[in-house]
Protein chains: 2
Amino acid sequence: MAHIKLPGGLPGIIGPMAAYPEAAKPLNGLAEVILRGPSSLTPGERETIAAYVSRGNECHFCCQSHAAAARAHLGPEKSIVDAVLADASTAPASPKMKALLAIADKVRRDGRLVQAADIDRARAEGADDRAIHDTVLIAAAFCMFNRYVEGLGTWAPQDPDDYVESGERLAHQGYAAFDAGEIRDEWRAGANGR
Amino acid sequence: MAHIKLPGGLPGIIGPMAAYPEAAKPLNGLAEVILRGPSSLTPGERETIAAYVSRGNECHFCCQSHAAAARAHLGPEKSIVDAVLADASTAPASPKMKALLAIADKVRRDGRLVQAADIDRARAEGADDRAIHDTVLIAAAFCMFNRYVEGLGTWAPQDPDDYVESGERLAHQGYAAFDAGEIRDEWRAGANGR
């Protein structure tokens, strides 16, 4: 049971976002910008970083939600998402992506761990300033989202299949769909069947 | 030197916000909502929580910026801010505030550390759902802001006096002042004198 009263049936961040819509607006605005806005990284790469950081923080809801969004973006290359989540160092990701994931993991643990050598490695593999900035901000932001979800004691569906529909919507319609109530309705419909 | 190219003379989060304004907008929107929007906690209490979490994460820029904003809000009671930063357990803060600071510190370390007993203690001291929600979100958000600032290797003025003017502006004009360029101009003016 969550630590505070939240609308029934809504998992993870969906409950607090429904209960506190004035905070949900900039949170969704931030997610839209960092995951789907202009960047030198694809939305699939950015959602993979989000899922990877959430895995590191052991936030099941965020990890599964953004892994599902990453798979929806990547289509035929979606197996890379699960390979990264299993072991980023051996996953068939690009050297640039691996260097950025290493930065993301350091930011997740403590931003001060990022050293010039980490940045040099990413640049040598083709990352530009924008990619480095976006990686740092995505990793930082998911340290927030993960803590918001876990610190309130929300519940999360365990079956990855429960996240497929939401992942498709996040990938194709984006985070503004939350404000339109579509994501809430989708989860409510799923919860009704439990 | 920061890990990526940032506008000269701007410390902490001000540099990346100036360089990446599309991300700055929801970041400032979030800060405005969680620190100055409707809440059962005063802005002074919320800025104190923000400074306390940033101190825990050892982010000098965020800690000093929000401590200055908290002092500006609290006026004659401003000494409480430094007492909390020195040792929250012995500070002359209210029992409710101490219970919320304990929750904030757990969220900072790992959201899953928050237990029912922590929530019960806060409720017994008068915290409502809104106060608990806002504390969790503020602590989570500063885990993001701290990592954004530190993960990009930004610089920070060491002297607390350098944060006084900005703290007054954050307290009285809020975070939208950044979008209006006022906060940037103020730091640039300060940097010119270095």
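Here is the naming used below: chain letters follow the sequence lines, and residue numbers restart at 1 for every chain. Just so you know, these numbers come straight off a predicted model, no measurement behind them.
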Max heavy-atom pair count under 4.5 Å with chain B, selected residue of A:Pro38, A:Ala140, A:Ala31: A:Ala140
Heavy-atom pair of closest approach, residues A:Pro26 and B:Gly29: CB-C, 3.8 Å
Residue B:Ile119 versus chain A: region with a heavy atom under 4.5 Å: side chain
Partner set under side-chain contact (heavy atoms from CB on, under 4.5 Å) for A:Ala83, not counting sequence neighbours: A:Ala91, A:Pro92
Side chain, backbone, both or neither of A:Val33 within contact of chain B (heavy atoms, under 4.5 Å): side chain
Heavy-atom pair count under 4.5 Å with chain B, highest-scoring of A:Gly153, A:Cys143, A:Pro16, A:Ala19: A:Cys143
Pairs of donor and acceptor atoms, chain B with chain A, under 3.5 Å:
| from | atom 1 | to | atom 2 | distance (Å) |
| --- | --- | --- | --- | --- |
| B:His3 | O | A:Arg123 | NH2 | 2.7 |
| B:His3 | NE2 | A:Val114 | O | 3.3 |
| B:Lys5 | N | A:Asp129 | OD2 | 2.7 |
| B:Glu22 | OE2 | A:Arg130 | NH1 | 3.0 |
| B:Glu22 | OE2 | A:Arg130 | NH2 | 2.7 |
| B:Glu58 | OE1 | A:Arg112 | NH1 | 3.0 |
| B:Val107 | O | A:Arg147 | NE | 2.9 |
| B:Arg108 | O | A:Arg147 | NE | 3.1 |
| B:Arg108 | O | A:Arg147 | NH2 | 3.0 |
| B:Arg112 | NH1 | A:Glu58 | OE1 | 3.1 |
| B:Val114 | O | A:His3 | NE2 | 3.3 |
| B:Arg123 | NH2 | A:His3 | O | 2.7 |
| B:Asp129 | OD2 | A:Lys5 | N | 2.7 |
| B:Arg130 | NH1 | A:Glu22 | OE2 | 3.0 |
| B:Arg130 | NH2 | A:Glu22 | OE2 | 2.7 |
| B:His133 | NE2 | A:Tyr148 | OH | 2.6 |
| B:Arg147 | NE | A:Val107 | O | 2.9 |
| B:Arg147 | NE | A:Arg108 | O | 3.1 |
| B:Arg147 | NH2 | A:Arg108 | O | 3.0 |
| B:Tyr148 | OH | A:His133 | NE2 | 2.5 |

Heavy-atom proximity to chain A below 4.5 Å, by part of B:Ala116: backbone
Residue pairs involving residues 25-44 of chain B (criterion ring pair (Phe, Tyr, Trp, His ring centres under 6.0 Å); sequence neighbours excluded): none
Sequence-distant partners of B:Ala141, side-chain contact (heavy atoms from CB on, under 4.5 Å), two or more places apart: A:Met144, B:Leu30, B:Ile34, B:Phe145
